[in-house]
Novice: 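First the structure, then my questions, so here it is.
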Amino acid sequence: MFNDEAQALRERYAQALKAHFGADGRRINHALKVLGFAERIMTGEGVAPEVQKIVVITALLHDVGIKAAEEKYQSSAGPYQELEGPPIVRAIMSSYGEPAPLIERVAYIVGGHHTPGKNDGLDFQIIWESDLLVNIEEDGLAADKAKLPAIIEKNFRTATGRAIAQAEYLR
Ligand SMILES: [Fe+2]
């Protein structure tokens with residue numbers, strides 16, 4: 001399903017991710033894990049190539065605002081990341097000569113990825129689910145078995161994402 005173009009994008013933006021975060025392996029691994037879940041969901045859902053492109057780039061870059069948020073505000077809170085992420089995304093993507101609509105869509109999702117009310121499409125939803133799949137584990141939510149069914153019910157809309165969440169965390 002993933003064609004040469006998607007493969008090239010994945011390599012290009014994995015490099016950009018590593019250049020951005022440098023020695024911060026935790027952030028790099030987080031984004032790579034998010035991409036892994038996003039690819040499983042996209043395969044299961046059979047999403048269009050245009051959506052794949054957006055999702056691959058967004059998965060890798062979604063948290064690039066964290067570094068600036070921590071430097072400027074001493075906080076990695078969602079609203080600061082959402083503020084700081086999009087200009088960094090635009091700079092990285094412009095340097096690769098990406099078309100403006102693609103840049104703006106990725107910047108929009110990065111700028112809203114902690115705000116459920118901004119979720120307006122399948123690309124955004126796949127990022128939402130993939131980030132949550134990783135965060136359930138990283139934030140220790142996986143240990144709280146009582147709360148997980150409600151979290152999964154509320155947040156997962158794709159059949160594939162829901163099935164992955166149930167298989168990973170409810171068994
Ligand atoms: Fe994330």
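Residues: numbered from 1 along the sequence shown. Ligands are counted one by one from 1 in listed order, and the atoms in each one are counted from 1 as well.
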Novice: Any N/O/S atom, backbone or side chain, of His113 lying under 2.8 Å from the Fe ion (ligand 1)?
Specialist: no
Novice: Which heavy atom of Ala107 sits nearest to which heavy atom of Pro86, and what is that distance?
Specialist: O-CG, 3.6 Å
Novice: By atom name, which N, O or S atom of His62 is the nearest to the Fe ion (ligand 1)?
Specialist: NE2
Novice: Parallel, tilted or perpendicular: which fits the ring planes of Tyr13 and Tyr96, with parallel below 30° and perpendicular above 60°?
Specialist: perpendicular
Novice: Under a 3.5 Å threshold, yes or no: a donor from one side chain and an acceptor from the other, between Glu11 and Gln7?
Specialist: yes
Novice: Could you pull out the atom name of the N/O/S atom in Asp131 that is nearest the Fe ion (ligand 1)?
Specialist: OD1
Novice: With a 4.5 Å cut-off on side-chain heavy atoms, are Leu122 and Val47 touching?
Specialist: yes
Novice: Quick one: the NE2 of His30, the Fe ion (ligand 1), OD2 of Asp63 angle, rounded to 10°, please.
Specialist: 90°
